[in-house]
Amino acid sequence: MSEKRKPYPFDQFEPKWQSHWAAQQTYRTAGPGDTDFDASKPKYFILDMFPYPSGAGLHVGHPEGYTATDIVGRYKRMNGFNVLHPMGWDAFGLPAEQYAIKTGQHPRITTEANINNFRAQLQRLGFAYDWDREVNTTDPGYVRWTQWIFLQLYNSYYCESDQKAKPISELEEKGLSREEIDAQRLAFINEAPVNWSPDLGTVLANEEVEEWKAKGHTVERRPLRQWMLRITKYAQRLIDELEPLDWPESIKALQRNWIGRSEGAEVKFDVQGNEITVFTTRPDTLFGATYMVLAPEHPLVAEITSSEQKAAVDSYIDACASKSDLERGDLNKDKSGVFTGAMAINPVNGEEIPVWIADYVMMGYGTGAIMAVPGHDERDFEFAQKFDLPILQVVQPKGDADWQGYTNPGTAVNSGFLDGLSTAKAKAEMIDWLEKHEKGSRQINYKLRDWLFSRQRYWGEPFPLLWDKETGAHAPVPDCELPLLQPEMEDFKPTGDPRGPLVKATDWIDYSEQYTRETNTMPQWAGSCWYYMRYCDPQNADRFISKEAEQYWGGEDAFVDLYVGGTEHAVLHLLYARFWHKVLHDLGHLDSKEPFKKLINQGLILGTAEYFLYKDSSGNIIQFTERKSGEEYFPVKIETAQVEQRGKDYYQKGTDLRLEELNRKMSKGFGNVVNPDDVVDSYGADSLRLYEMFMGPLEQVKPWQMKGVEGVHRFLAKVWRLAFTENQESQWELSGKISQEENQELAKITHQTIKKVQEAIESLRFNTAISSMMECTNAYTAAQNIPQDLFLIFLKLLNPFAPHLTEEINSALGESELLSEQSWPVLDESLLVESEIQIVVQVNGKLRAKLQVAADISKEDLEKVALADSNVTTHTDGKTVRKVIVIPGKLVNIVAN
RNA sequence: GCGCGGGUGGCGGAAUUGGUAGACGCGCCAGACUAAGGAUCUGGUGUCCAUUGCGGACGUGGGGGUUCGACUCCCCCCUCGCGCACCA
């Protein structure tokens, strides 16, 4: 089988230019400290979310964002910016370790192999990364600073009055005890119910639970001593300082929602001599509280439960404990609960109300206890109905809505001193009353929990901490001992011991006579929390980033100018990185408050999956089966029936079967994964890059269509053939179409294209940039000759998108300077001015004529010409012209009836 | 249920202060070049009517409104996707 002839020889010149750029260090970025650094140049820092180098290699989703940033980077570079556009590896993490356990290889080996594969794949796509600045989170030189930053958190506390982190030494100077100080550290140890996965042998952050469950691992609640980071102290700042950022509204909303601020009050109830505090957002409804509910795990449950109810309460608590979160949430919308036998006093009216426990109240939020106002809360209403508890009206709805279960604002009724007040005023009035009588206070709550930071795994940064064998106190390892690496171990499988596999390295743990080592490791997030900064100064052994590099690249308000990545990191990575950045800012290590100024989420690329749909006579789907790769279109039982094709769908005549294509997330299971290497083999890197940008808006979800790749491939071949033609021996030679003649028409089109392309790149609308270059190419194709100066301009416009092809043509035309190092063409506005323009004439808003008129025609003349046009008069004859609207340069609308 | 984002030809999508709806590409149809065309080039392609002339009617999920004029602004509804979900 002979190889299919290529429409242009990308297979030859793409690798050639890649090695040329690498040899010439074309994309090396000079920074502070480099001899060739030019500090007068403005900086532009573009960041891709660095990949986790999995064994599966690159998929087509990776180059989507990377191509977008590459285009912006090349464009900015051509516009005189000193562009930092680096790449690196988020290389710690559970998947690498799971794979290592499965194959018996050390994770360092497999990780390194995966990185080499990823790097080679990326280099085939011609990205202008400065590979000298490559960062790897597992490098000892990197781990050293991850651990150093952790110790910054460990050695600081949150000062409430200044609303910022400060060194822990300030508390020492105040004479606080060790326990008091430890209780305030931003990194602290805490015994709390955590998500323990027995088969992974580690705990997980709340945010990670679903991901690992989805992969088939079990996760259960279990109280354990863990390292936590006090991110909750930053809740308000994480909300407030989000506001000015140039981020998609959806991501901001996701973060706000995750932090989950709610304003309300804490109210103290007396329960048989115990004080139980509840949190409510509706203190105005306190008169309507007819019972109280505690979470089953609430510490006072045992204390207040009456002897008659003890058996029922105990068995209910047992039942709750054995339920997974899933059962407690999704599957159990039906309310359950038990009366404790205790009564509470409503502080506002002295009424006695029963105290229940129920699993719809959660220990983790607020105080783990609520006052129930069934009249005006859906959940309380449902519960009260089920258990026949009293329901009181204390809010009069607006309009004629039923008051039962009415939860919106209204007017207070049956509420003593609140009667007649609006909900908003009643809330404020009640809080004042509570504060005056010391029965409660204004309170703001957040859903955000502190960040569970320790893992019981081998493949992560060890905590640089020691435990005093005598006192049980913890202390940091000396700075000179960083990085603290994992010990070399043959067997790093999880043991089920909640201290993690490092406990088996007995020599390593035994630090000294006095100290033993902490055996936990950090989660994968640790490395990705600060990697963007390390790119600025990747080799620095004295600091995580030099002051000079930080000030040049980092800016004043936010560090990275443009950050592009997937939406899956909306609340985890992006929140954690902001938190660390703020701590480092507070401690004086960074000028900027925020890591990422502008954020763009590239949309998911979907693959095509095929399904058999069986429908009954009324069109309902009765069976829905995935078509496996290689499977025949029709199942055996109807094989002989007549089949009809309409478009892409196959219909079974007289039956109810059809084969449909659906767009689904790419996955091995669907067999619809597109491998970028295959695309590069068949069409070249430029075609892959161009197609990914031409598919549609960057942020949108869009389906992959191989036909579309062929379309842009044809476009690039067309550009190639503007300069080259094939001779008798099937060799490409210069066509001679590129000439020295002048051409006004092409000059105009070329400059229009400059304008469109630069505007499109600035606003990240790459698909329209490409379409305007296609239009320009169509004009060139139609022309006899193309002036060389115009064609060279066009190559510069296309260069950020298709760097190999444009570089090859440029050099073939005798240009010695690399396109990558040239400056962006200057738009000549004077060429865009038209002497004649087209005017649209409407009659009653409907298009009736198009007129060619002089661009400087007066309003009066334009109106006259428009009214005289024969296509217009046929629609105005017999009617009276009531009004004529003239928009100079655009249109005339005649109102007639 | 709450939050966010969408709904435009057969398909992906254009239309950035309200002013020619459907750019560009895919697909499809016809023609040219050819021994041949899955290469390339040219023309056509929203729907319906007329097509022996021009042309005409309808059309951006549905309904209403504002306006000389609405894919675009306002109100109501339908629908799809994503995220959160007993958070008091």
Side-chain angles (χ1 to χ4, degrees), chain A residues 4-5 7 248-254 256-258 260-262 264 278-282 285 293 328-330 332-335 358-362 364-373 377-380 382-383 407 445-448 567-568 570-571 603-604 646-649 661 663 691 694-697 699-712 714-715 717-718 721 726 759 763 765 767-775 777-778 781-782 838-850 870-871 874 882-887 889-896:
Chain A
K4 209 174 124 185
R5 202 181 61 83
E249 186 47 44
S250 59
I251 301 295
K252 287 189 183 181
L254 241 39
R256 269 187 234 111
N257 196 276
W258 190 263
R261 181 185 202 270
S262 48
V278 304
F279 174 72
T280 178
T281 55
R282 293 295 299 273
T285 61
V293 187
R328 201 166 153 172
D330 284 356
N332 189 28
K333 290 287 178 191
D334 206 27
K335 294 281 178 294
D359 67 359
Y360 82 92
V361 174
M362 289 166 300
Y365 181 75
T367 60
I370 63 156
M371 63 180 216
V373 184
D377 180 279
E378 275 180 45
R379 298 147 300 179
D380 298 345
E382 198 188 314
F383 192 81
T407 57
N445 261 353
Y446 301 92
K447 280 194 251 182
L448 186 70
T567 185
E568 68 273 18
V571 284
L604 205 62
R646 285 181 229 152
K648 280 178 188 164
D649 298 344
E661 282 190 341
N663 293 319
Y691 175 62
F694 188 61
M695 293 171 84
E699 300 190 66
Q700 194 168 301
V701 178
K702 36 203 179 288
W704 182 275
Q705 294 175 332
M706 229 17 130
K707 284 281 184 194
V709 185
E710 289 172 23
V712 293
R714 273 203 285 270
F715 161 64
K718 210 164 163 174
R721 288 195 312 271
E726 216 171 1
E759 281 173 1
S763 50
R765 286 156 37 238
N767 53 333
T768 57
I770 295 166
S771 75
S772 64
M773 288 187 282
M774 285 173 167
E775 287 180 274
T777 302
N778 290 342
T781 304
Q838 191 186 60
I839 296 289
V840 168
V841 186
Q842 299 177 330
V843 178
N844 294 329
K846 289 206 166 95
L847 174 69
R848 297 301 177 192
K850 294 175 184 179
S870 65
N871 284 326
T874 49
R882 302 287 173 190
K883 197 173 174 184
V884 180
I885 292 120
V886 181
I887 311 292
K890 287 228 162 127
L891 62 63
V892 178
N893 190 11
I894 299 158
V895 186

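A, B, ... follow the sequence lines: proteins, then strands. Residue 1 opens every chain.
Separating the P atom of B:C77 from that of B:A88 is a span of 26 Å, rounded to the nearest Å. Across the P atoms, B:C11 and B:C28 are found 15 Å apart, a figure rounded to whole Å. B:U66 and B:C75 have their P atoms separated by 15 Å, given to the nearest Å. Of the P atoms belonging to B:C78 and B:G69, the separation is 29 Å, rounded to the nearest Å. As rounded to the nearest Å, B:A23 and B:U79 have C1' atoms that lie 28 Å from one another. Comparing the C1' positions of B:U45 and B:G9 gives a spacing of 10 Å, expressed to the nearest Å. For the C1' atoms, the distance linking B:C76 with B:G81 amounts to 23 Å, nearest Å. Taking atom C1' on both B:G22 and B:G13, the two are 10 Å apart, rounded to the nearest angstrom.
Using N1 to N3 plus N6-O4 or O6-N4 for Watson-Crick, or N1-O2 and O6-N3 for G-U wobble, each under 3.5 Å, B:U45 pairs with B:G27. Checking B:C54 for Watson-Crick or G-U wobble geometry (two distances, each under 3.5 Å) identifies no partner in any strand. With both pairing distances under 3.5 Å, B:U17 is matched to nothing as a Watson-Crick or G-U wobble pair. Partner assigned to B:U67 is none, using Watson-Crick or G-U wobble distances below 3.5 angstrom. Base-pair partner of B:G37: not found among the strands shown (Watson-Crick or G-U wobble, both distances under 3.5 Å). Pairing for B:C84 goes to B:G1, judged as Watson-Crick or G-U wobble with the two contacts each under 3.5 Å.
Here A:R721 does not reach the OP1 or OP2 of B:A39: none of its side-chain N or O atoms lies under 4.0 Å away. Phosphate proximity of B:G27 to A:K707: present, with a side-chain N or O under 4.0 Å from OP1 or OP2. Checking the phosphate oxygens (OP1, OP2) of B:G3, no side-chain nitrogen or oxygen of A:S250 falls inside 4.0 Å. Taking 4.0 angstrom as the limit, A:K846 places a side-chain polar atom (N or O) nearer than this to OP1 or OP2 of B:C58. Between A:K883 and the phosphate of B:C68, there is a side-chain N or O to OP1/OP2 separation shorter than 4.0 Å. Residue A:N893 has no polar side-chain atom (N or O) positioned under 4.0 Å from OP1 or OP2 of B:U67. Regarding contacts with the backbone of B:G55, every side-chain N or O of A:R848 stays at 4.0 angstrom or more from both OP1 and OP2.
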Q: Decide yes or no on side chain to side chain contact (heavy atoms under 4.5 Å, CB included) for A:N893 and A:K883, but give the supporting numbers first.
A: CA-CA 8 Å; A:N893 190 11; A:K883 197 173 174 184; over 6 Å; no
Q: Determine, stepwise, if the pair A:N778 / A:K718 fulfils side chain to side chain donor-acceptor pair (under 3.5 Å).
A: CA-CA 9 Å; A:N778 290 342; A:K718 210 164 163 174; 2.8 Å; yes
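Within the 4.5 Å cutoff, no side-chain heavy atoms of A:V841 are placed close to those of A:L891.
Side chains of A:Y360 and A:D334: a donor-acceptor N/O pair is absent below 3.5 angstrom, by distance only.
Summarising the geometry, the separation between CD on A:Q838 and C1' on B:G19 is reported as 13 Å, rounded to the nearest angstrom. When the P atom of B:G13 is taken as reference, atom CD of A:E699 falls 14 Å away, rounded to whole Å. Spacing between atom OH of A:Y691 and atom P of B:G12 amounts to 11 Å, rounded to whole angstrom units. Protein atom CD of A:Q705 is 13 Å distant from nucleotide atom P of B:C28, rounded to whole Å. We find that CE of A:M774 is positioned 14 Å from P of B:A23, with the value rounded to whole Å. Rounded to a whole Å, the CG atom of A:N871 is 13 Å from the C1' atom of B:G53. Atom CG in A:N767 sits about 7 Å away from atom C1' in B:G13, given to the nearest Å. Rounded to an integer number of Å, the gap from A:I839 CD1 to B:G69 P is 20 Å.
Glycosidic conformation of B:G5: anti, with the torsion beyond 90° of 0.
Checking A:L891 against A:A717, the closest nucleotide of RNA chain B that is more toward the 5' end is the one next to A:L891. Comparing A:G366 and A:I894, the nucleotide of RNA chain B nearest to each residue sits closer to the 5' end for A:I894.
At least one donor-acceptor pair closer than 3.5 Å links the side chain of A:N844 to the backbone N or O of A:A896.
Counting only heavy atoms from C-beta on, A:T768 has its side chain closest to B:A15 among B:A15, B:A88, B:G3.
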